[in-house]
Participant: 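Got a structure for you, written out below as structure tokens; questions coming shortly.
Quick note on labels: first sequence line is chain A, next is B, and so on, each numbered from 1. Keep in mind that this is a model prediction, so the values were computed, not measured.
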Amino acid sequence: MSEQTLAASATMPPETWRAPTAEVSVVRLVLIGVAVLFIGVFLGFPLLVVFFEAFLNGVAKYFETFADSDTQHAILLTLLVAAIAVPANLIFGVAAAWAIAKYDFRGKALLITLIDLPFSVSPVIAGLIYVIMFGAQGYLGDWLKAHHIQIIFAIPGIVLATIFVTFPFVARELIPLMEEQGTQDEEAAISLGASGWQTFRRVTLPNVKWGLMYGVLLCNARAMGEFGAVAVVSGHIRGLTNTMPLHIEILYNDYQWVAAFAVASLLALLALVTLIVKTLLEWRFSDELANGPR
Amino acid sequence: MTAIAFGTWRKPSVIPGFGLTFGFLMVYLSLIVLIPIALLILRTTQLSWAEYWAIASNGRVVAALRLSFGAALIAAGINTLFGIIVAWVLVRYEFPGRRLVDAIVDLPFALPTAVAGIALTAIFAKNGWVGQYIEPLGIKVAYTSIGVVIALTFIGLPFVVRTLQPVIMEIERETEEAAATLGASRHQAIFRVVLPTLVPALLTGFVLALARGIGEYGSVVFIAGNLPYRTEIAPLLIVIRLTEFDYNGATAIATIMLAISFVMFLAINLIQVWARRRFGYV
């Protein structure tokens, strides 16, 4: 760190002298320009376009979109799905991190790889695996039909697909963090007579709360925004199995341009809030989050 | 001793709850991830090799796989090139708006793919923000394979930047200083001392972006136009086969893509093993 500040201060003063480990100022300016332009054009611009198109025909038209009952239903369904999928993966993430980080056993690396598996599977395949399981021609298709249980083209399928694609978020945030923190605190608590649950609630949880929040934040953003996996299992039934991203697609294909972007702007807003909270967590509590690339 | 009961598989610990949490972990992981994926793969065994090969070598399937792979390859290349500049600038330089740029790099992780898809289409369609100026010049982006590349570039950038950033941060200034004292120009120090140590991270970021690009669906389907043989990506073809209730077709394409993901995953791990030996970092 000190070297960086040293190098920075060395390049600050006037004259032509520059630290031997710094680039010529022209090169710096060009690189900064390229980076800012690339990010601006590829990432910033599409974000602005979403809001601009949403308000293309004025504020009144924008809010008209949300008076539509199908749109309202899509929003509620998205909230419902996230309300089930996120807590499910939160509980799993905590249990997985406890089992993996607080004990020493063989095969840990393989287990972590398996937990990360959903990230390397195409979202469409994430939907497909449940269709193969529960669909009409699937393994359990006949049995489910006989018992009048519908999973595919219904809400349970959407929830399952969402759980799959958001599966690793909390666990992969907590495992490295809890491994870093070691087991001494917990061992001390146990030896002082605390029960396992007390140890978790009073010792472990306060230590990992910001990491936990970070994982939940990213998990939620993905849960509300998932498109591919949900598209495969939902059946696109308006007012029934349409989540917000699927509703955007339907509006868009119906040439309801402003309405599509109005719904999209809500999700873009969610993305912005997610990024802001995430950045704040990183600035404020960086030592209480897991290190490494994200 | 409990150590005997557990054999050598797990070291004994005074912390309670292993059975409960480990049991829950295994059941949940198996039910949600492992069993469904295993059953998907098992389903293809119902096909004979000839049937499987007929599906896999079908012209439309090959074209879709080639587009998914090729476009992801180009997008990952673009992202590697610009990603290293972005990561370098964010770590090494101080400039107004640096933190904003740093935060926005993660946008593709946070922005739903469908939203990105319609926004990119609004930009590049014939009467779009950029499209109206470049189409008269003969450059068509939306509804062509260039559109696919654009969408995959959007999706893949954070993988490269976020893989490189911590590694650039770890570079010891001493090595650059040593290069300078030994008479290397800054140009030489960058290209012969700094960049070689970044190669494993660059490769890892490249493969991560590539893997994500091959499987990507939401951001692509809006801008691609989805013409069979031309702008139809492999994940979309799975969806189409499913809507035709052709489960075998969908499953066969899916297993090909799973195999590609597996190769990517192996590649990342080999890169990391090699990097640990060669450069001492992961």
Participant: At a 4.5 Å cut-off on heavy atoms, which part of A:Phe92 comes close to chain B: side chain, backbone, both, or neither?
Facilitator: both
Participant: At a 4.5 Å cut-off on heavy atoms, which part of A:Thr113 comes close to chain B: side chain, backbone, both, or neither?
Facilitator: side chain
Participant: Between A:Ile91 and B:Phe24, does a side-chain contact (heavy atoms from CB on, under 4.5 Å) hold up when you go through it step by step?
Facilitator: CA-CA 10 Å; A:Ile91 294 168; B:Phe24 179 68; 3.9 Å; yes
Participant: Count the heavy-atom pairs under 4.5 Å between each of A:Phe42, A:Phe164, A:Phe134, A:Tyr139 and chain B, then report the option with the highest count.
Facilitator: A:Tyr139
Participant: For chain A, find which of B:Val14, B:Ile190, B:Leu39 contributes the most heavy-atom pairs closer than 4.5 angstrom.
Facilitator: B:Leu39
Participant: Tell me which of these, B:Ser185, B:Ala250, B:Ser261, B:Ala119, has more heavy-atom pairs under 4.5 Å with chain A than the rest.
Facilitator: B:Ala119
Participant: Does any heavy atom of chain A fall under 4.5 Å from the side chain of B:Val194, the backbone, both, or neither of them?
Facilitator: neither
Participant: Measure the acute angle between the ring planes of B:Tyr28 and A:Phe167, then classify it against the limits of 30° and 60° as parallel, tilted or perpendicular.
Facilitator: parallel
Participant: At what distance, to the nearest 0.5 angstrom, does CD1 of B:Ile260 lie from OG of A:Ser120?
Facilitator: 13.0 Å
Participant: Tell me, do B:Val130 and A:Phe45 make a side-chain contact under 4.5 Å, heavy atoms counted?
Facilitator: yes
Participant: Is A:Asn220 in contact with chain B via its backbone, its side chain, both, or neither, using a 4.5 Å heavy-atom distance?
Facilitator: neither
Participant: Do you know which of A:Gly40, A:Ala88, A:Ala231, A:Ala260 has the most heavy-atom pairs with chain B at a distance under 4.5 angstrom?
Facilitator: A:Ala88
Participant: Determine, for B:Arg10 against A:Asp104, whether the closest basic-nitrogen to carboxylate-oxygen distance falls under 4.0 angstrom.
Facilitator: no
Participant: Around atom CZ of B:Phe95, are there more than 12 heavy atoms from other residues, nucleotides or ligands closer than 6.0 Å?
Facilitator: yes
Participant: Pick from B:Ala103, B:Ala189, B:Ala179: which one has the most heavy-atom pairs with chain A under 4.5 Å?
Facilitator: B:Ala103
Participant: Tell me, side chain or backbone of A:Val131 under 4.5 Å from chain B's heavy atoms, or both, or neither?
Facilitator: both
Participant: For the candidates B:Phe22, B:Tyr93, B:Trp88, B:Phe265, which exhibits the highest count of non-hydrogen atom pairs separated by less than 4.5 Å from chain A?
Facilitator: B:Tyr93
Participant: Is A:Tyr103 reaching over with its side chain to a backbone N or O of B:Ile15, donor-acceptor style, under 3.5 angstrom?
Facilitator: yes
Participant: As an exercise: rank B:Ser219, B:Gly19, B:Ala122 by heavy-atom pairs under 4.5 Å with chain A and give me the winner.
Facilitator: B:Ala122
Participant: Go through A:Val24 and B:Arg186 one step at a time and tell me if the side-chain contact (heavy atoms from CB on, under 4.5 Å) criterion holds.
Facilitator: CA-CA 9 Å; A:Val24 195; B:Arg186 186 63 189 150; 5.9 Å; no
Participant: Can you classify the ring geometry of B:Tyr217 versus A:Phe227 as parallel (below 30°), tilted (30 to 60°) or perpendicular (above 60°)?
Facilitator: parallel
Participant: For the residue pair A:Phe52 and B:Trp129, is the inter-centroid distance of their aromatic rings smaller than 6.0 Å?
Facilitator: yes
Participant: Can you say whether A:Leu114 sits under 4.5 Å from chain B via the side chain, the backbone, both, or neither, judging by heavy atoms?
Facilitator: both
Participant: Contact part of A:Trp257 toward chain B, heavy-atom cut-off under 4.5 Å: side chain, backbone, both or neither?
Facilitator: side chain
Participant: Pick whichever of B:Thr113, B:Leu40, B:Ile253, B:Leu164 has the most heavy-atom pairs under 4.5 Å with chain A.
Facilitator: B:Leu40
Participant: For a side-chain contact (heavy atoms from CB on, under 4.5 Å) check, start with the C-alpha distance between A:Leu111 and B:Met26, then their side-chain angles and the critical distance, and finish with the verdict.
Facilitator: CA-CA 9 Å; A:Leu111 201 54; B:Met26 290 313 287; 3.7 Å; yes
Participant: Report the C-alpha distance between A:Ile39 and B:Leu157 in whole Å, list the side-chain angles of each, state the deciding distance to 0.1 Å, and finish with yes or no for side-chain contact (heavy atoms from CB on, under 4.5 Å).
Facilitator: CA-CA 9 Å; A:Ile39 296 289; B:Leu157 182 71; 3.4 Å; yes
Participant: At a 4.5 Å cut-off on heavy atoms, which part of A:Arg222 comes close to chain B: side chain, backbone, both, or neither?
Facilitator: neither
Participant: Any side-chain to backbone donor/acceptor pair from A:Tyr252 onto B:Ile118? Under 3.5 Å, distance only.
Facilitator: no
Participant: Side chain from CB out, backbone as N, CA, C, O: work out which of these in B:Ala211 comes under 4.5 Å of a heavy atom of chain A, or both, or neither.
Facilitator: neither
Participant: Who among A:Gly225, A:Gly228, A:Ala171 has the most heavy-atom pairs with chain B under 4.5 Å?
Facilitator: A:Gly225
Participant: For A:Gln137, is the CD atom crowded, meaning more than 12 foreign heavy atoms sit under 6.0 Å from it?
Facilitator: yes
Participant: Answer with side chain, backbone, both or neither: which region of A:Tyr130 has an atom nearer than 4.5 Å to a non-hydrogen atom of chain B?
Facilitator: side chain
Participant: Among A:Ile100, A:Leu128, A:Ile115, A:Leu48, which has the most heavy-atom pairs under 4.5 Å with chain B?
Facilitator: A:Leu128
Participant: Quick one: does B:Ser13's side chain get under 4.5 Å of A:Thr183's, heavy atoms only?
Facilitator: no
Participant: Output the option from A:Val50, A:Leu246, A:Thr279, A:Leu267 having the highest count of non-hydrogen pairs under 4.5 Å with chain B.
Facilitator: A:Leu267
Participant: Do the non-hydrogen side-chain atoms of A:Ile125 and B:Met257 ever get within less than 4.5 Å of each other?
Facilitator: yes
